[in-house]
K.L.:
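Dropping a structure here in structure tokens format, bear with me for questions.
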Protein chains: 2
Amino acid sequence: MLPAQRRDELLRVLRTEGRVVAKDFAARHGLSEDSVRRDLREMAAAGLCQRVYGGALPVSPAVVDYAGRQGVAVENKDRVARRAAALVRPGSTAILDGGTTALAVARALPADLEATVVTHSPTVAAALAEHPAVKVLVLGGRLFKHSVVTSGALLAEAAAGIWADVFLLGVTGVHPEAGLTTGDAEEAATKRTLASRAGDTYVLASAEKIGAASAFRVLPLGEVTGIVTDVPLDDPAARALLDAGAPLVAAP
Amino acid sequence: MLPAQRRDELLRVLRTEGRVVAKDFAARHGLSEDSVRRDLREMAAAGLCQRVYGGALPVSPAVVDYAGRQGVAVENKDRVARRAAALVRPGSTAILDGGTTALAVARALPADLEATVVTHSPTVAAALAEHPAVKVLVLGGRLFKHSVVTSGALLAEAAAGIWADVFLLGVTGVHPEAGLTTGDAEEAATKRTLASRAGDTYVLASAEKIGAASAFRVLPLGEVTGIVTDVPLDDPAARALLDAGAPLVAAP
DNA sequence: CCTAGTGTTGCACGTTTCTGCGTACTAGCG
DNA sequence: CGCTAGTACGCAGAAACGTGCAACACTAGG
């Protein structure tokens, strides 16, 4: 990445996300933290941003407040996303589900990662367009409006022709008795189809999903390789899941 | 390689990849870095690119950056988009191309329209999730990063199974001699495939496309049903197109 | 066919810019 | 108050840069 490009990108992220975390930005784009910090320092000196401990914020305080709230809200999902992103090994093939957590995973993938990602979410596909080294395969089909993913016969047909190392599955509930659940029957079926096309299946389960249950079961707790969560494993809800045989994996 | 060829190629790479790295370009084409740098310097002086350490970037990031491109010539695109949206009749099936103009068409569709829209653009698909009565079919395939559309064998296979009343085609150039052109060979092939799956094909040609030409021809001017544009039909550029047999349709 | 003129190219040189690393300092947190 | 992570600063090496110059090719006119 060209130095000038790097600075443009920093400004862009600052504008769109309301903040820049030096460490994350460096990791995401395969840069040294030093270069990022140096840029931020110079941009701050030029009045283009406001340097703070850990990164930078936009100059205008109005934007900062908003960004701050957003930041706190997404922090949990980010932790799960970062942990899950590490499951996509260089050179491997991964299936990425739809939904906000899966979208966060797509964004958390290292910028220089060379891998193949299969997805049935147009939103995730568009996000992955930012990752130059990732081969992206979109599974077509009828668009399911609520969660913005494709499903149906066309998808099943396309999915039959692929095989992935890992499937990162998003659900709306992880419950000791109900298992892994989601809010729509067809969506559940689609997720099952995708799970059958990968060697390992990991569930993306940020805190608000733990202990929750929706109407339709995707899979029983024990039939996935791991459930990535940011809830501490000694939390009562987590204990209940572990007792029910859920393979919980704590995000750092 | 001829000097003039080299400069054309530099501009092409700049346009399609959004940047040129002097060293890489020289290595890739068996040139000296000196020559490349010299060209870039002159092009920058002529205002054709922006010289940065390591290579060059487009004059305005908006030219290439997909997100940035939205906002350029907004009103023009909207006029074309509204006119084109009227071509999607209630109850009919339409294929919608990728790109910013097609995205504008998706947004311009009436909120209560009952129709089926087929698209190979994740961005357009996501936008159509806002239209509750529109059935959306996403064509899967390998994601082409630059314009964020799918293409390849998987797409061709999926496209073979559909038939639409109308195809709304986005291009980067409408030129009296070059015809309808776009910046990538595979993209051009994909657009041809889609055109073959619809009864009528209409081109989305906002003013900046008129008279412009890119490297790869999608179709000759005469082989489409109509070319929707906001340029007045008595404009010299429009006249030249009409003389060349282009079926121009003026947007109101 | 020769020659002067023009433009392009590769190379050498000194300069500028960028980057990674070591060191010492500081903010945040328990 | 001590620990950790983040930070600033300085430095040295590497990479990229611009400039001047000489070699070369190509053209036009004699």
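Any value given below was found using the heavy atoms of this structure, including those in side chains, with hydrogens, waters and symmetry copies removed. Remember, it's a predicted structure, so these values are computed and weren't measured experimentally. Lettering follows sequence order; numbering is per chain, from 1.
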K.L.:
Is it the case that atom CD in A:Glu114 sees more than 12 heavy atoms from other parts of the structure closer than 6.0 Å?
P.N.:
no
K.L.:
How long is the gap from CZ on B:Arg192 to CZ on B:Arg217, to the nearest 0.5 Å?
P.N.:
9.0 Å
K.L.:
Students should find this one: the first and last nucleotides of DNA chain D, 5' to 3', lying under 4.0 Å from a heavy atom of chain A. What are they?
P.N.:
D:dA5 to D:dA8
K.L.:
Starting from P on C:dC18, measure out to NZ on B:Lys23 and report it in whole angstrom.
P.N.:
16 Å
K.L.:
Please report the distance, rounded to the nearest Å, between CG in B:Asp39 and P in C:dG7.
P.N.:
16 Å
K.L.:
So does A:Asp165 pair up with A:Arg89, basic N to acidic O under 4.0 Å?
P.N.:
no
K.L.:
Report the distance from atom CG of A:Asp230 to atom CG of A:Leu204, rounding to the nearest 0.5 Å.
P.N.:
11.0 Å
K.L.:
By nearest nucleotide on DNA chain C, pick out whichever of B:Tyr53 and B:Arg6 is the more 5' one.
P.N.:
B:Arg6
K.L.:
Which residue is it: B:Arg51, B:Lys23, B:Glu42? I am looking for the one with a side chain to side chain contact (heavy atoms under 4.5 Å, CB included) to B:Arg37.
P.N.:
B:Arg51
K.L.:
What is the distance, rounded to the nearest whole Å, between atom CZ of A:Arg41 and atom P of C:dT17?
P.N.:
17 Å
K.L.:
Between B:Arg6 and B:Asp39, is there a salt bridge with N-O shorter than 4.0 Å?
P.N.:
yes
K.L.:
Please check: side-chain N/O of A:Ser35 versus main-chain N/O of A:Leu31, any donor-acceptor pairing under 3.5 Å?
P.N.:
no
K.L.:
Would you mind classifying the nucleic acid contact of A:Arg38 as base, sugar-phosphate or nothing, using non-hydrogen atoms under 4.0 angstrom?
P.N.:
base
K.L.:
State the CZ-CG distance between A:Arg7 and A:Leu48, to the nearest 0.5 angstrom.
P.N.:
11.5 Å
K.L.:
Which residues within residues 25-37 of chain B lie with some heavy atom under 4.0 Å of an atom in DNA chain C?
P.N.:
B:Ser32, B:Asp34, B:Ser35
K.L.:
Taking atom types as modelled, is there a side-chain donor on B:Ser151 or B:Glu187 under 3.5 Å from an acceptor on the other?
P.N.:
no
K.L.:
Does a side chain donor of either A:Ser214 or A:Thr172 reach within less than 3.5 Å of an acceptor in the other side chain?
P.N.:
yes
K.L.:
Is the NZ atom of B:Lys145 crowded by more than 12 outside heavy atoms at less than 6.0 Å?
P.N.:
yes
K.L.:
Using a cut-off of 4.0 Å on non-hydrogen atoms, how would the nucleic acid contact of A:Val21 be classed: base, sugar-phosphate, or nothing?
P.N.:
nothing
K.L.:
With axes from five pairs an end, tell me the bend angle of the helix from C:dC1-D:dG30 to C:dG30-D:dC1, nearest 10°.
P.N.:
30°
